[in-house]
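A short worksheet on the structure shown next.
Per chain, numbering begins at 1; letters A, B, ... match sequence-line order.
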Protein chains: 2
Amino acid sequence: MATIKDVAELSGVTVTTVSRVLNNRGYLSEKTKKKVSEAIIALDYHPNEMARSLAQKQTSLLGVIVPSLLHPYYSECINALEKHASSHGLKLLVCNAQRSPQKEAEYIDMLKANKVAGLVLCTNSRSSVRLLANLPVVTLERSISSNVPAIVCDNTQGGQLAARHLIAQKCTNLVMISGNRSTEERANGFAKMCEQVHIPYKILKTNQSQFNHLDYTDLIQEIFTDPAVDGVFASSDVIATQVIQACHKKGLSIPEDMKIVGFDDVELSRMVSPRLTTIHQPIEELCKEAVQTIIDWDKERGKEQIILPVRLVQREST
Amino acid sequence: MATIKDVAELSGVTVTTVSRVLNNRGYLSEKTKKKVSEAIIALDYHPNEMARSLAQKQTSLLGVIVPSLLHPYYSECINALEKHASSHGLKLLVCNAQRSPQKEAEYIDMLKANKVAGLVLCTNSRSSVRLLANLPVVTLERSISSNVPAIVCDNTQGGQLAARHLIAQKCTNLVMISGNRSTEERANGFAKMCEQVHIPYKILKTNQSQFNHLDYTDLIQEIFTDPAVDGVFASSDVIATQVIQACHKKGLSIPEDMKIVGFDDVELSRMVSPRLTTIHQPIEELCKEAVQTIIDWDKERGKEQIILPVRLVQREST
DNA sequence: AATAATATGTCAAGCGTTTGACATATTATT
DNA sequence: AATAATATGTCAAACGCTTGACATATTATT
């Protein structure tokens, strides 16, 4: 593997000069630039990123910690993060904390040791906040501390939109299935809207183990204990999908007997039958903002929370 | 941030000694080890991985290039790769080539510049083979060159199993929807089995653009041109899912009017209704072997192709 | 023609580790 | 008591790049 030294020798200048043309800094004559560029091509030279990082005390790596790699929501986040990161020359270092705060802490240490340029946190545990010092960090769809900028969607609005839509579709008795901490606002918006128009509703909470296995079938059974229920708002498309399955099993047709609204608008919502009506989360934009926040970190740009609007996408389940 | 020098000073030894206890090489007295360990803890010292990599000329990064991050198959691969990589102290650098050979080549250059310990390739383009010199590489569910070890599942067997199962379920007229190059063997196995028992069949080929958008609806319509068709083998669960949707739209009930078998056995196959009968790919094992091959690279272990068996999982779509 | 401004380039000290070569102390073997 | 073997450490040169400080050449300004 050719080094910067080889390039310098071949082009008859010093390594400094080569470094200058590499990074395009300081004055350089066109002639020199050309000579060096030719040598670079001739030697098929690629700068050693390790050496570069060491000298600069920073890499072009962007860390991401997610609670799961199987949940389609995080797959889509990773997709969008990779896209925006790579467009800025950043590479994605993907970590799956599997909802273990301890694993998460280990990953944070690891990422710091690897001198990542920044970290996008998609997990909940506040326990790791103190580890985050001196590291550009942003949380996605989570708030863990006022010191850490959070990029979130308007969850309250999402809950309201879902309730309003179900009500507009003539539902008279609603149930929401609420997930982990971050879906509380969705539940709040949902409840508020129901109360405003005096529609009876119930909120069912999932537990950790259910989230871990993406299996909510037991909980979903509770929907059917009250035969009056004719509309369900699920706090994720994954949960909504299982509600669909449960309805099929019960012989209820959708949307005639039961209307269902999901949340996230991941690919999955277009793959099930009937296709899901759902609250669209602007994953692309969320991730774009997240990457941008990391990149602008030193520019002392505002580091406060960013809230992006959501919208309802109607399909066949309502 | 504390450096190895600080640790050395605090514990009254030289950096070499600290490095020795860090890497546990050479003779060390228990007393020294303890002194150093204490200093490490006291200073909350974490070795700078960049410096370490530079000195060792290798990182603990494992590169992965996939053609898509939205396709659930690759999500599951990444999940499994991350799991096995991290259990060996390797971190996952995820690259989405988006099926562009040029992007793929760029990523390979980037990964080499970053001195990754190895690369897991989940893409097709043979064009990048020459870039792969001097880099531990393994392909997953792909074969691009006899010089590059490939970890694949028994696709021919998968095709046979699917055909045999549909036939056993009393299907009399079959269609297979075949995807990109890597699904050819699945088609071959399928065709062979059909011919063996004289069952009429047809094979429909998807094109690149369809794969790109995960949208096969147009192609799927062709299934219904022949009303005698009563069984479909899709070369992926994603395709099978769309066949289900098309059947619903046509008013065909599954499995009564149409039986469907997918391939991959990703989470999605359990989320649709009816749940999919599918060929289970041992993704976990494939990825485990892939990581192991990279780790054992220098041990001159066999670098030939590894073929893992598949099995049929029957659910509700047949 | 003297001076300033600009352009072009070199030197050498880092960045934080690892590691082969070497030195000294301690213990076991004859 | 001499010798060998083992244990415990230290020195200093790499690894490949960046960058502030400095030197010289060229051009513009007065």
Legend entry - Short side-chain donor-acceptor distance under 3.5 Å, Tyr73(A) and Glu141(A): no
Cut-off 3.5 Å, no hydrogens considered: what does the side-chain donor-acceptor table look like for residues 107-118 of chain A, sequence neighbours left out?
unit_1: Tyr107(A); atom_1: OH; unit_2: Glu82(B); atom_2: OE2; d: 2.4
unit_1: Lys112(A); atom_1: NZ; unit_2: Leu131(A); atom_2: O; d: 2.6
unit_1: Asn114(A); atom_1: ND2; unit_2: Met110(A); atom_2: O; d: 2.9

Legend entry - Distance test, side-chain N/O of Ser19(B) to OP1/OP2 of dT18(C), below 4.0 Å: yes
Legend entry - Gln102(A) CD: over 12 foreign heavy atoms closer than 6.0 Å: no
Inset, instruction - Determine the minimum heavy-atom distance between Leu69(B) and Ser75(B), stating which atoms define it. - result: O-OG, 3.6 Å
Legend entry - With sequence neighbours excluded, residues passing salt bridge (Lys or Arg N to Asp or Glu O under 4.0 Å) with Lys34(A): Glu38(A)
Legend entry - Heavy-atom side-chain contact between Thr14(A) and Thr17(A) under 4.5 Å: yes
Legend entry - Nearest to side-chain heavy atoms of Ile4(B), which nucleotide of dC15(C), dT17(C), dG20(C): dT17(C)
Legend entry - chain B contact limits on DNA chain D, taken 5' to 3' with a cut-off of 4.0 angstrom to heavy atoms: dA7(D) to dG16(D)
Legend entry - Helical stems, DNA chain D - three or more consecutive Watson-Crick or G-U wobble pairs below 3.5 Å: C:1-30 with D:1-30
Legend entry - Positions of residues 33-45 of chain B (non-hydrogen atom under 4.0 Å from DNA chain D), listed by number: none
Legend entry - Any residue of residues 6-17 of chain A with a heavy atom less than 4.0 Å from an atom of DNA chain C: Val13(A), Thr14(A), Thr16(A), Thr17(A)
Legend entry - Distance, rounded to the nearest Å, where Leu54(B) contributes CG and dG14(C) contributes C1': 13 Å
Inset, instruction - Give the rounded distance in Å between these two atoms: CG of Asn24(B) and P of dT19(C). - result: 13 Å
